[in-house]
Amino acid sequence: MENVNEQIKIRREKLSDLQAMGKDPFQITKYDVTAHSSDVKKLFEEKEAELKSEIDASLSEEEQAEALAALWETNKLTFAVAGRMLLKRVMGKASFATITDLMGNLQVYVTRDSLGVDDYQLFKKYDIGDIIGVKGYAFRTRAGEISLHAEELVLLTKSLQVLPEKHHGLTNTDMRYRQRYVDLIMNPEVKDTFVKRSQILKEIRNFLDGRGFMEVETPMLVSNAGGAAARPFETHYNALDEDVKLRISLELYLKRLIVGGLERVYEIGRVFRNEGVDTRHNPEFTLMELYQAYTDYEGMMELTESMFRYLAETVVGSAVIEYQGTVIDMSKPFERITMVDAVTKYSGVDFNNVTSDEEAKKLADEHHIEYEDRHKKGDIINLFFEKYCEEHMVQPTFVMDHPIEISPLTKKKPSDPNYVERFELFIYGREMCNAYSELNDPIDQRARFAAQEEAFAAGDEEANHTDEDFLNALEIGMPPTGGIGYGIDRLVMLLTDSAAIRDVLLFPTMKSVDK
RNA sequence: GCACCUUUAGCUCAGAUGGUAGAGCAACUGACUCUUAAUCAGUGGGCCCCGGGUUCGAGUCCCUGAAGGUGCACCA
């Protein structure tokens, strides 16, 4: 059902009228834009400074202004600019309009005398939201605003819908996400966020390129969705008559490439997890994983710290940034603490003194932490960490040496096989990345998969499944390797000071509305 | 999944105690050749989220449902 209100009807009539007089905007195929709004302002200011320098400074202010006006008469800067008209002020035979393009806004001065009676009459009928092309010369209005004096003006696209109100813009979150294009038109800070997101991705690639990494692409449709603890989306591949899943991580394929000798690889790609939606989770999100041969998690800590600092400096302009009112300092070396020490520090419970799963569960009971029967000491430590520690990890902190039970793809610590060489970086209480010294012992890996299968049988729907081809790759031989996974959306949230993951996703997942 | 909140004109929002639905912007008509959320005069515009109930009468009270937001739970 098409929703046609009075205003829309009027716009369609205006379009029909234009078409009837042979001025159908939709027949126009191109417009030669010579400048963005920002270019007009910048070039005008430069020229203005140049012209002013030619004027005798001993003249009175009035005389100088006259001299400048005279100089402009012979030095006009002409531009062709295109954009959407967002404001319009008609004063009889002269008008001002504000148009917006990728780089910002520009005021356009339109008069009957410059445009001619016919075109000026047409212009008066144009609506807010219409896209116009304007050719003219730059000047400064009496109020001092650099503007474009229109000599030619053409309607490039007729907008048949009504844009939100100019004062408040579009605030309805539902509509902002469902009609992001309107959000982008009305809310400049939204546009800035997505421009920044693009810069962040570009700078990540720059940074990794500088360290000799190559970007690769691996399958999204897989038969065994492994490498993380999450429930996958399932679908069916008709040609193969086979059920497949959407990937939940990039890990197991990228490690195969390390086996293949690519040495330093990364992938930035969408992964899919069949879980809830909230301010920090979207079912499809962007993960970056990288793997580097011949290094370990220490090397990954160095890389992570350098990369975060580099991104903050290049994208935000400083390694000290503000997120939701809190200063986050990435200029100093990041804090390091083991998970067990963190739990001791914030909960007072020292798991170094805990020798059995039963003892761990008893402690959990005493601290009102819910757990499942299948949970072991390592799982309990993790639950303690989540309850007592995460919120304190505001400044960048590497939490290291996780229990082996929750780390099926990670190398054991040589000094204590109950723990692994792993770290997560926390900033503002949020996990920003997850890294390890990669487990490359195929016999140990097989045993870990077996433990995961047991967990799955015991009710852990998110446990990994044995991946025989991955095991085969490890048997071929993977060098000692360090690897990391970064949640790109959370990184973008941090660097753009965005409160919700939806604010950094152009089209966040929404429930469909039946009409 | 649970709790709380929101849903009224194209947009942003008002609508105590139940009694014919309002404003600003936007639109339309007119005036206006330097405006800045332009101004001035006038006009039109509504499935009050859907469905049921109570009532003489429901935007308002009650119930079911939908979508969205926030928090919690879940998510290493």
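Letters go in sequence order (proteins before strands), and every chain restarts at 1. Atoms considered below: every heavy atom in the structure, side chains included; atoms not considered: hydrogens, waters and symmetry mates. Computed from a predicted model, the values in this text were never measured in an experiment.
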*Taking side chain to side chain contact (heavy atoms under 4.5 Å, CB included) as the test, write out the residues that go with E165(A), two or more places apart.*
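By the side chain to side chain contact (heavy atoms under 4.5 Å, CB included) rule, E165(A) matches H167(A), H168(A).
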
_Only Watson-Crick and G-U wobble pairs, only distances under 3.5 Å, only runs of 3 or more: what stems does that leave for RNA chain B?_
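Listed by first number, the stems are B:1-7 with B:66-72, B:10-13 with B:22-25, B:27-31 with B:39-43, B:51-53 with B:61-63.
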
*Could you give all pairs that pass the salt bridge (charged side-chain N to carboxylate O under 4.0 Å, His left out) test and reach residues 107-122 of chain A, with sequence neighbours left out?*
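Counting only pairs at least two positions apart or across chains, no salt bridge (charged side-chain N to carboxylate O under 4.0 Å, His left out) contact touches residues 107-122 of chain A.
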
*Charged N to carboxylate O under 4.0 angstrom, E431(A) versus R280(A)?*
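Looking at R280(A) together with E431(A), the answer is no, because their closest N to O distance does not fall below 4.0 Å.
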
*Under a 4.0 Å N-O cut-off, is there an ion pair linking K411(A) with E421(A)?*
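No, this pair does not count.
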
N/O (side chain, [X]) to phosphate O (OP1/OP2, [N]) under 4.0 Å:
| X | N | result |
| --- | --- | --- |
| T171(A) | U12(B) | yes |
| R89(A) | C40(B) | no |
| T279(A) | G71(B) | yes |

*Between residues 484-493 of chain A and RNA chain B, which residues have a heavy-atom gap below 4.0 Å?*
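Heavy-atom cutoff 4.0 Å gives no residues at all.
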
*asked:* For RNA chain B, which residues of residues 131-148 of chain A approach it to below 4.0 angstrom with any heavy atom?
replied: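 Heavy-atom cutoff 4.0 Å gives F139(A), T141(A), R142(A), A143(A), E145(A).
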
_Applying a 4.0 Å non-hydrogen cut-off, can you work out what M175(A) is touching in the nucleic acid: base, sugar-phosphate, or nothing?_
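Sugar-phosphate, no base atom in range.
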
_Sugar-phosphate only, base, or nothing, as touched by E462(A) at under 4.0 Å among non-hydrogen atoms_ =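 Sugar-phosphate, no base atom in range.
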
[X]: what forms a salt bridge (Lys or Arg N to Asp or Glu O under 4.0 Å) with it, not counting sequence neighbours?
| X | value |
| --- | --- |
| E48(A) | R140(A) |
| E366(A) | K362(A) |
| R273(A) | none |
| K345(A) | none |

_side chain to side chain donor-acceptor pair (under 3.5 Å) involving K14(A) - partner list, sequence neighbours excluded_ =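 Counting only residues at least two positions away or on another chain, K14(A) forms a side chain to side chain donor-acceptor pair (under 3.5 Å) with D127(A).
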
Say you pick atom [atom1] in [N] and the same atom in [M]; how far apart are they, in whole Å?
| N | M | atom1 | value |
| --- | --- | --- | --- |
| A16(B) | C11(B) | C1' | 27 Å |
| A27(B) | G46(B) | C1' | 15 Å |
| G45(B) | C40(B) | P | 24 Å |
| A21(B) | U8(B) | C1' | 9 Å |

*Base-contact (B) and sugar-phosphate-only (S) positions in nucleotides 26-31 of chain B, heavy-atom cut-off under 4.0 Å, - elsewhere*: BSSS--

Protein and nucleotides 3-9 of chain B: nitrogen or oxygen contacts under 3.5 angstrom:
none

*Figure out the CZ/P separation between R502(A) and G68(B), and round it to whole Å.*
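One finds 9 Å between P of G68(B) and CZ of R502(A), rounded.
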
